[in-house]
Amino acid sequence: MLTTFTTSRLAYRQLTAEDWPFFLSLQRDEEVMRFMADRGSEEEIYAAFATRLPVWTPESRHWLGLLISEQASGEPVGVTGFIRREEDKAEVGYLLAKRHQGKGYGYESLRAVCHLAFKQCGIRKLVATVTVGNDPSRRLLEKTGFMLEGTLRENYFLHGRWQDDWVFGLLNQEYC
């Protein structure tokens, strides 16, 4: 059974093979990917997409990949989800199409993923890693209640040089 749910303006469902063109469009948008990854080949991008396709359950150890869509129009907004890194700890991730940024969809969808992880999956802690300089993502995480836990120096190779990463965390007991 595929994971599906809604929030006030958005609908979420597990990614399917039919979502490949939208996923590829996100990955090919240089503004969306500016702080995420260098441009990969279509084969590399598909390999990452394919890891999100197996049916997910709360016990799964692979990415829960969710398509975010506007409820009213059905238009895809972005992708989000999380992956268990330890028994009670998971890493969250999200990408929003440029045309849907600045509408509060990031906040609404991150809260929904936090709720799912904490309330339905028994996760104790969520973490997020953000390339230093990605201030919109930092603001989104902090607005959602994540706390900056530190900076990993020269942690990620991006755009031909080593980049620092911020590490954020949110505990189940802190989430409200």
Side-chain angles (χ1 to χ4, degrees), residues 10 12 14-15 17 19-54 56 60-69 75-86 89-114 116-117 123 125-171:
L10 302 172
Y12 310 81
Q14 189 172 351
L15 289 168
D19 299 318
W20 166 241
F22 177 69
F23 188 89
L24 181 61
S25 74
L26 288 174
Q27 297 285 321
R28 292 289 166 116
D29 186 320
E30 290 182 13
E31 284 189 63
V32 170
M33 297 303 292
R34 179 175 164 209
F35 292 101
M36 302 297 295
D38 290 321
R39 187 179 181 118
S41 69
E42 190 166 324
E43 293 78 22
E44 291 168 327
I45 295 168
Y46 188 81
F49 175 70
T51 66
R52 290 156 171 81
L53 294 179
W56 183 89
S60 294
R61 295 299 179 157
H62 60 82
W63 274 99
L64 165 61
L66 296 170
L67 179 76
I68 308 166
S69 300
E75 182 180 352
V77 167
V79 295
T80 189
F82 65 87
I83 185 170
R84 283 186 189 261
R85 296 294 188 196
E86 297 172 24
K89 184 171 147 184
E91 178 181 356
V92 298
Y94 44 85
L95 286 175
L96 293 180
K98 186 67 179 159
R99 68 186 173 278
H100 292 294
Q101 294 177 9
K103 298 179 179 181
Y105 289 164
Y107 178 71
E108 185 174 333
S109 63
L110 184 54
R111 289 213 26 106
V113 168
C114 290
L116 175 67
I123 298 295
K125 182 176 183 177
L126 287 171
V127 297
T129 304
V130 176
T131 305
V132 169
N134 188 347
D135 295 317
S137 193
R138 179 181 180 155
R139 285 190 299 273
L140 170 61
L141 288 162
E142 290 175 340
K143 181 178 179 179
T144 309
F146 283 76
M147 296 179 61
L148 179 63
E149 295 187 342
T151 301
L152 301 175
R153 298 177 305 143
E154 293 189 7
N155 192 58
Y156 187 59
F157 198 76
L158 180 66
H159 307 311
R161 69 180 187 87
W162 286 101
Q163 307 282 338
D164 295 345
D165 279 334
W166 290 315
V167 178
F168 291 87
L170 178 63
L171 300 175

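Since the structure is predicted, the reported quantities are computational estimates derived from the model, not experimental observations.
- Counting heavy atoms of neighbouring residues, nucleotides and ligands inside a 6.0 Å radius, atom NZ of K103 exceeds 12 of them.
- For Q14 (side chain) and P54 (main-chain N/O), a donor-acceptor pair under 3.5 Å exists by modelled atom type.
- In terms of heavy-atom proximity, I45 sits nearest to G40 at CD1-O, 3.7 Å.
- At a threshold of 4.5 Å between non-hydrogen side-chain atoms, the residues P136 and F35 do not count as touching.
- Between L96 and L26, the shortest heavy-atom distance links the atoms C-CD2, 4.0 Å.
- V113 is not listed as a side-chain neighbour of Y94, based on a closest heavy-atom distance of 4.5 Å or more.
- When W63, F22, W20 are each tested for a ring-ring contact (aromatic ring centres under 6.0 Å, His included) with F49, only one passes: W20.
- For residues 150-162, no residue pair satisfies the salt bridge (Lys or Arg N to Asp or Glu O under 4.0 Å) rule, not counting sequence neighbours.
- A donor and an acceptor atom, one from each side chain of Y12 and T80, are nowhere located under 3.5 Å apart.
- The shortest distance between side-chain heavy atoms of L64 and L116 falls below 4.5 Å.
- Taking every heavy atom of both residues into account, T131 and D165 meet most closely at CA-OD1, 3.3 Å.
- A search for side chain to side chain contact (heavy atoms under 4.5 Å, CB included) contacts involving L171 returns R124, K125, Q173, E174, not counting sequence neighbours.
- Closest non-hydrogen pair, F23 versus R52, comes out as CE1-CD, 4.3 Å.
- Nearest heavy atoms, L67 versus S69: CD2-OG, 3.6 Å.
- Using a 4.5 Å heavy-atom cutoff, the side chains of R28 and R39 are in contact.
- Listed by chain and number, the residues in a salt bridge (charged side-chain N to carboxylate O under 4.0 Å, His left out) with D19 are R13 (sequence neighbours excluded).
- Side-chain contact between V32 and Q101: present, with at least one pair of heavy atoms (C-beta onward) separated by less than 4.5 Å.
- Annotation: side chain to side chain contact (heavy atoms under 4.5 Å, CB included) contacts of R61 (sequence neighbours excluded): R84, E87.
- Counting heavy-atom neighbours within 6.0 Å of R34 CZ, excluding the residue itself, gives a total of 12 or less.
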(message) For a side chain to side chain contact (heavy atoms under 4.5 Å, CB included) check, start with the C-alpha distance between K143 and L110, then their side-chain angles and the critical distance, and finish with the verdict.
(response) CA-CA 10 Å; K143 181 178 179 179; L110 184 54; over 6 Å; no
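- Considering only residues two or more places apart in sequence or on other chains, E91 meets the side chain to side chain contact (heavy atoms under 4.5 Å, CB included) condition with I83, R85, V127, T129.
- Within the 3.5 Å criterion, the main-chain N or O of L24 finds no donor-acceptor partner in the side chain of Y46.
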(request) Let me see the working for L158 and D38 under side chain to side chain contact (heavy atoms under 4.5 Å, CB included), right down to the final yes or no. (result) CA-CA 6 Å; L158 180 66; D38 290 321; 3.6 Å; yes
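- Remark: E42 engages no residue in a salt bridge (charged side-chain N to carboxylate O under 4.0 Å, His left out) (not counting sequence neighbours).
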(message) Under the criterion side chain to side chain contact (heavy atoms under 4.5 Å, CB included), I'd like the reasoning laid out for W166 against S137: C-alpha separation, chi angles, the key distance, then a yes or no.
(response) CA-CA 10 Å; W166 290 315; S137 193; over 6 Å; no
